[in-house]
Amino acid sequence: MEKLLVHVCCCHCAAYTLKHFNQKYAVTAYWHNPNIGPSQEYLARKEAMQKYANIDGIDLVDSQNMDFESFLRGQEEATDRCAFCFYNRLKQSAVYARENGFTSFSTSLLISPHQKHELLKEIGRKIALEECVNFIYEDLRRYYSQSRTITKPLSLYAQYYCGCLFSKKEA
């Protein structure tokens, strides 16, 4: 079975996404989110993702990168902060996938109705060419409420903003 690395942004978006992809691929979840700040927010989301992975029996790899300050500096300099964020996280996911024998990569961001899907698709495909690993794009937005239905009874931490301080301010 083809190995798929799925970048996960939070347990609530990851739940349905991982179940969906697990029907077709051997799935491993990948936590790489240096965009999330402040640090207590990062740790709360990471802990919730780890708990969900344990409950559902999902393999979860942690990139161990929580260099929020470097990420924030890069995001402040970027002309499109969401593009910078997507590129940073998906690039690292693709590099990890290529270096560890995965044939493809994807992201749980694909389930969120709050994300810029055309931009995600464009960046994912660009990185796929750069890293010689397939990007799997599927529009999973119609399953967003199902993902929340999976995680809500588990009483896992739920965030109210995308992750970066800009999105926190906008929320």
Would [X] and [Y] pass as an ion pair if we require N to O under 4.0 Å?
X   : Y    : answer
K19 : D56  : yes
K91 : E131 : yes
E41 : R45  : yes

- [ ] Would you mind telling me which of L90, V6, N134 makes a side-chain contact (heavy atoms from CB on, under 4.5 Å) with F105?
- [x]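 Per the side-chain contact (heavy atoms from CB on, under 4.5 Å) rule, the option paired with F105 is L90, out of L90, V6, N134.
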Heavy-atom closest contact ([X] atom, [Y] atom, distance):
X    : Y    : result
L60  : A53  : CB-CB, 4.0 Å
Q115 : L120 : CB-CD1, 4.0 Å
I136 : S106 : O-OG, 2.7 Å
A26  : M1   : N-SD, 3.4 Å
P34  : N88  : CG-OD1, 3.6 Å
F135 : G124 : CB-O, 3.4 Å

Starting at [atom1] of [X], measure out to [atom2] of [Y] and round the result to the nearest 0.5 Å.
X    : Y    : atom1 : atom2 : value
F102 : E2   : CZ    : CD    : 11.5 Å
I111 : Q146 : CD1   : CD    : 8.0 Å
H20  : S147 : NE2   : OG    : 12.0 Å
S93  : F86  : OG    : CZ    : 12.5 Å

Task: Full working for side chain to side chain contact (heavy atoms under 4.5 Å, CB included) between R89 and T107 - done: CA-CA 9 Å; R89 295 189 290 160; T107 179; over 6 Å; no
TODO: For S63, enumerate each residue passing the side chain to side chain donor-acceptor pair (under 3.5 Å) test, keeping only those at least two apart in sequence or located in another chain.
DONE: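 With neighbours one apart ignored, the set is H32.
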Task: K126: side chain to side chain donor-acceptor pair (under 3.5 Å) partners, not counting sequence neighbours - done: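 With neighbours one apart ignored, the set is empty.
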Task: V95-L109 co-clustered via ILVMFWY side chain contacts under 4.5 Å - done: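 No, because V95 and L109 fall into different hydrophobic clusters, even though each may have its own neighbours under 4.5 Å.
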Task: Partner residues of Y30 under the ring-ring contact (aromatic ring centres under 6.0 Å, His included) criterion, sequence neighbours left out - done: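 Scan of Y30 (ring-ring contact (aromatic ring centres under 6.0 Å, His included), adjacent residues dropped) gives Y96.
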- [ ] Check step by step if salt bridge (charged side-chain N to carboxylate O under 4.0 Å, His left out) holds for E77 and R73.
- [x] CA-CA 6 Å; E77 296 168 6; R73 281 192 299 277; over 6 Å; no
Open item on the list: Check this for me: K3, atom NZ, are more than 12 non-hydrogen atoms of other residues, nucleotides or ligands nearer than 6.0 Å?
Closed with: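 Counting neighbours around NZ of K3, more than 12 heavy atoms of other residues, nucleotides or ligands fall under 6.0 Å, so yes.
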- [ ] Would you please name every residue forming a side-chain contact (heavy atoms from CB on, under 4.5 Å) with D80, sequence neighbours left out?
- [x]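 Once residues adjacent in sequence are excluded, the partners of D80 under the side-chain contact (heavy atoms from CB on, under 4.5 Å) criterion are C82, A83, K116, L119.
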Task: By side-chain contact (heavy atoms from CB on, under 4.5 Å) - contacts of L154 (at least two apart) - done: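 Here the qualifying residues are Y52, I55, L156.
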Open item on the list: Any non-hydrogen side-chain atom of F21 less than 4.5 Å from a side-chain atom of L140?
Closed with: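 With C-beta onward as the side chain, the pair touches.
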List the atom pairs, donor and acceptor, that lie under 3.5 Å between side-chain atoms in residues 8-18 and the rest of the protein, sequence neighbours left out.
from	atom 1	to	atom 2	distance (Å)
H12	ND1	T151	OG1	2.6
H12	NE2	Y157	O	2.7
T17	OG1	C13	O	2.8

TODO: Go through the steps for E118 and E122 under the test side chain to side chain contact (heavy atoms under 4.5 Å, CB included), then give the verdict.
DONE: CA-CA 6 Å; E118 290 306 310; E122 176 187 327; over 6 Å; no
Task: Main-chain N/O of R141 paired to D139 side chain as donor or acceptor, under 3.5 Å - done: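 At least one qualifying donor-acceptor pair exists.
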